[in-house]
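The structure appears right after this line, and notes come after that.
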Amino acid sequence: MDYQFKEIEQKWQKFWAQNQTFKAETDSAKPKFYVLDMFPYPSGAGLHVGHPLGYIASDIFSRYKRLKGFNVLHPMGYDSFGLPAEQYAIQTGQHPAVTTEANINTYRKQLDGIGFSFDWSREVRTSDPEYYKWTQWIFMQLFNSWYNLETDRAEDISTLIEKFNAAGTADVKAVCDEDTLNFMPSDWATMTEEERQEELLKYRLTFLKESTVNWCAALGTVLANDEVKDGFSERGGHPVEQKKMMQWSMRISAYAERLLQGLNTIDWPEPVKEIQRNWIGKSIGASVRFAIEPSAEITELSQDYIEVFTTRVDTIFGVSYLVLAPEHELVAQVTTVAQQNDINNYIAQTKKKSELDRMADVKTVSGAFTGSYVINPVSGERIQLWIADYVLAGYGTGAVMGVPSGDQRDWLFARHFNLPIVQILDAQQDIENQADATKEGKYINSGFINGMNYAAATETLNAWLEEKEVGKAKINYRMRDAIFGRQRYWGEPIPVYFKDGLPYLIKEEELPLMLPEIDKYLPTETGEPPLARAEGWKYEDQYEYEMSTMPGWAGSSWYWYRYMDAKNDSDFASKDAIAYWKDVDLYIGGSEHATGHLLYSRFWNKFLKDLGYVKEEEPFKKLINQGMIQGRTNFVYRVIDEEGRSTNKLVSHGLKKDYKTSALRVDVNIVDNEILDIAKFKLFRPEFVDAEFILENGKYICGVEVEKMSKSYFNVVNPDILIESYGADTLRMYEMFLGPLEQSKPWNTNGIEGVFKFLRKFWRLFHNDAMTFHVNDSVPSKAELKALHKIIKKVQDDVERFSFNTSVSGFMIAVNELTDLKCKNRQILEDLVIILSPYAPHVCEELWSLLGHEEGSLSYTPYPTFNPAHLVEDEFSYPISVNGKTRLNLSISLTWEPKEIEELVLANEDVQKYLDGKAPKKVIVVKGRIVNVVL
RNA sequence: GCUCAGAUGGUGGAACUGGUAGACACGCAGGACUUAAAAUCCUGUGACCUUAAAAGUCGUGCGGGUUCGAUUCCCGCUCUGAGUACCA
């Protein structure tokens, strides 16, 4: 029988499911290996050919590791809370749980069709109460913790209370809100319960605080910074504005330094690490206080100084003005009557500018003088205080010192508003025409640091500022605390209720706090989140629950631990399971999660480690980003007549330059190798039933462009169709064959036939001309062993370095060689089946059982051992260059010593001819092989 | 603007640490089988110059450099993709 992929694949998929072939046991004598995929959000559209790319790679790796004797954990689940299901629910009234369930079933069917070796007994779904119970539990641990800078880790809030009792805030070094009180133990003792709770909230790692948030009116919710792209929501592209709101946040800033340092310990793609480094945005500098000059006009000041952050404290003698962000809280207080109009106009003008305009308009210099002055603490100089929108309220202190000679932006500002430009380093050049940011040379015009170099000046100034208590060296991070609440329905309820306006956790044994049923999924008329619609939903029948739910990243920030022990109902995972599986050895997924999921997961992992629940500081040892598969859109060209109307005439791509045309996207599934199937096209576009086609060589050739894969571009390729016509094994190998895993590439089906032919050829190796199974037990020939061991080595090397595309080529070569050798040898073919099985598991299982082995035993059979001896040849021919140019081929025996070869090569007639009697200058030998003779 | 990645035949891409560039596949051309087509199999396929054949010259975005030898390393440039951006 010829290669019947359909029967074979169905048979083995059923077998694996029934026998739970890939169920991983926690107590194993084998070494563990944890291979994780980023679990999908089950969208209504199902999988397209781009989705499984990473899954196929991880599956190959998992199967390979099993053959290599590892106990492999390779689970899958669904990130099933999220906006699309809720948007759909708002439109249709269908409960998100219902649509989510339906989508999951579609996904499962599609995934099963590709033959993955997932351990489905460990499946997780973030929207399952048995799962989100533990997401809520982690939230409670965060609420009950504070970050102690002395021990540099999170601790239970009780240790903070002990400190308050013992010595008040005196020896508390914590990451906390800025408005914490300083108090004595006696003060703490006299505080009411409410006052204490209010104070503790400023230290908790999840906390409620009035903060500026990204509010998206269209979605009716706040968004985290990483969910906003260029002033629009990442999902849906709706406008986002800044708004002050009472919000739950996570104190991720406490972990900024550890998140940064940890990057050096993990094997991740450099771009992702770089993105995280930028996101954390560490800058080393100093904060300096400039006293506001007292004046009769400014009477009510909440503070009498302005604090700036600078990375170049050494330039402080060159400061010629100070700038506040227009949103800075002191602006109203320091503006003089005379300048009131200017300032008001400027603020109004800034507000009108959208976020996008403000970014596009970086060239224009703008600002307004407040009328007030500040005093430079080091020089005592009186300098003007301005506002300008190039200063961002959200970064640093929202105030900067302007040093025109050292910073181009400050230079432009000074030039525009006629402010002084002072040279501060003798090495600065041409500061009449532009700023010079050099750190070279000695300081001039700089008071007590005159004559010093950069390092000495910085050190001196920092010490001076600290001593005078007007500033100090400071490290600033760009990363903000993560907003945690979402005004949405389809997410984890936050396990909190309110008493006297203060939040309290529900009891642990009351978890999970179930998502209540509501009639509509919209916010209430009064603008409260959808959960406010839940009738009678009160804690102990009297206290209001928190109405917002958790963001999408909550459930995905710890899910890899749940897979370790997915059914546990007394812990998020048992201590034994965590001790055994430890961390993820290989994580494959897209790089688009760099500042979201991948950062939050590291944060929660570090937190759980601080509390002793998990073992490892970093959750994902190695990360691989699979490239995105783009769509390849096909176009047909409609001829436009002289009046500019589109006609019913379609011209082939190669001839379109002779006509005026308009392009029209056409379904890629009716185009083969850019040749349009005209009959199917007429069905696809019935308005072209009578269309005329201008052909080239009798064919209609379509145009091509690479675009995002999307339904509306008619360029979506569904894996099911390919599995139907070629089988899952072909699809798996073809997706790998397409190119390097990490590279983005457009999908095209042009080469899939080649992979299919390969699998059929492989199948035929085991069959005689009548297509009945046939192998023999002869002794393998030298040539056969060579072909086999070449591929064993190649695939092993390729898999270890994630170069799956090249090993597919390797298999093709091996099968071609063995076909040419008419190899029917059982031993050779068995080994070949084993090494191919991670790539094409179905056909290999079938052949394995035809070879007489127990069904299903293939997945755990030891990988064949590579023996280099089989690759050694008795005699081979290789070229020798003379002066770097290829000149001659010589036959050499490998048994010869290098010295011996050298002598023989030099004695060779042809070499002699080139040498022309002279001795060679140099003979270059690489790995015992002469490659070049230099005359 | 900054950071990172990349540029190899008609196409996707190989070449792992500098050592026969273009593996493997697609496409194309020719051939076999066939009444014919499809399918299958075989042969050829970087460019140039020649030839009966062999050989030769050029060739990995562009210009330089290091080296006996460079797709690979270094310097400068062009282009493409990704990330990021008044970050003080």
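Model, not experiment: these values are computed from the prediction. In what follows, every heavy atom counts, from backbone to side chain, and hydrogens, waters and symmetry copies are set aside. The chains referred to below are lettered A, B, ... by the order of the sequence lines, with proteins before strands, and numbering in each begins at 1.
Atom CD1 of Ile752(A) is separated from atom P of rG27(B) by 13 Å (rounded to the nearest Å). Distance, Asp798(A) CG to rA23(B) P: 17 Å, rounded to whole Å. For Phe811(A) and rA25(B), the CZ to P distance is 14 Å, given to the nearest whole Å. For the pair Ile791(A) CD1 and rA23(B) P, the computed distance is 17 Å after rounding to whole Å. Atom CE in Met812(A) sits about 11 Å away from atom P in rC24(B), given to the nearest Å.
Taking every side-chain heavy atom of Ser283(A) into account, rA88(B) is the closest of rC24(B), rA88(B), rA14(B). Across rC87(B), rC24(B), rC16(B), the shortest atom-to-atom separation from the side chain of Arg801(A) is found for rC16(B). Side-chain atoms of Thr310(A) lie closest to rA88(B) of the nucleotides rA88(B), rA23(B), rG13(B). Comparing rG13(B), rG83(B), rC24(B) by their nearest atom to the side chain of Ile275(A) picks out rG83(B).
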For RNA chain B, please output the secondary structure as dot-bracket, reading 5' to 3'. Pairs are Watson-Crick or G-U wobble, both atom distances under 3.5 Å; mark crossing pairs with [ ], other-strand partners with |, unpaired with a dot. (((((((..(((......[....)))((((((.......))))))(((.......)))..(((((..]....))))))))))))....
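Taking the side-chain hydrogen bond (donor to acceptor under 3.5 Å, both in side chains) definition, one finds that Asp481(A) meets it with Ser253(A), sequence neighbours left out. Scanning for salt bridge (charged side-chain N to carboxylate O under 4.0 Å, His left out) contacts around Arg312(A) gives Asp314(A), with sequence neighbours left out. By the side chain to side chain contact (heavy atoms under 4.5 Å, CB included) test, Ser809(A) pairs with Phe737(A), sequence neighbours left out. In this structure Met771(A) satisfies the side chain to side chain contact (heavy atoms under 4.5 Å, CB included) test together with Asp2(A), Arg764(A), His767(A), sequence neighbours excluded. By the side-chain hydrogen bond (donor to acceptor under 3.5 Å, both in side chains) test, Tyr726(A) pairs with Glu753(A), sequence neighbours left out. Qualifying side chain to side chain contact (heavy atoms under 4.5 Å, CB included) partners for Asn768(A), counting only residues two or more places apart in sequence or in other chains: Ala770(A), Thr772(A), His774(A). For Lys6(A), the side-chain hydrogen bond (donor to acceptor under 3.5 Å, both in side chains) partners are Glu724(A), not counting sequence neighbours. Evaluation of the side chain to side chain contact (heavy atoms under 4.5 Å, CB included) rule for Ala414(A) yields Tyr321(A), Pro404(A), Leu419(A), Ile421(A) as partners, not counting sequence neighbours. Evaluation of the ring-ring contact (aromatic ring centres under 6.0 Å, His included) rule for Tyr64(A) yields Tyr863(A) as partners, not counting sequence neighbours.
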Could you walk me through whether Leu259(A) and Ile252(A) pass the side-chain contact (heavy atoms from CB on, under 4.5 Å) check? CA-CA 9 Å; Leu259(A) 287 168; Ile252(A) 188 173; 3.9 Å; yes
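Spacing of C1' atoms, rC74(B) relative to rA23(B), comes out at 29 Å, to the nearest Å. The gap from the C1' atom of rG46(B) to that of rG13(B) amounts to 15 Å, rounded to the nearest Å. rG30(B) and rU80(B) are spaced 38 Å apart, taking the C1' atom of each and rounding to whole Å.
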Grab the N/O contacts between the protein and nucleotides 38-42 of chain B below 3.5 Å, and write none if there aren't any.
residue : atom : partner   : partner atom : Å
rU40(B) : OP1  : Arg760(A) : NH2          : 3.2

When you compare the protein's N or O atoms with those of nucleotides 6-12 of chain B, which come within less than 3.5 Å of each other, and at what distance?
residue : atom : partner   : partner atom : Å
rG12(B) : O2'  : Leu738(A) : O            : 2.9

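Taking 4.0 angstrom as the limit, Arg409(A) places a side-chain polar atom (N or O) nearer than this to OP1 or OP2 of rC87(B). Side-chain N/O atoms of Tyr395(A) include one lying less than 4.0 angstrom from OP1 or OP2 on rA88(B). The phosphate of rA25(B) has OP1 or OP2 within less than 4.0 Å of a side-chain N or O from Asn816(A).
When the shell of 6.0 Å around NZ of Lys793(A) is examined, it contains 12 or fewer heavy atoms from other residues, nucleotides or ligands.
For the pair Arg289(A) and Tyr305(A), the cation-pi criterion (under 6.0 Å, within 45° of the ring axis) is fulfilled.
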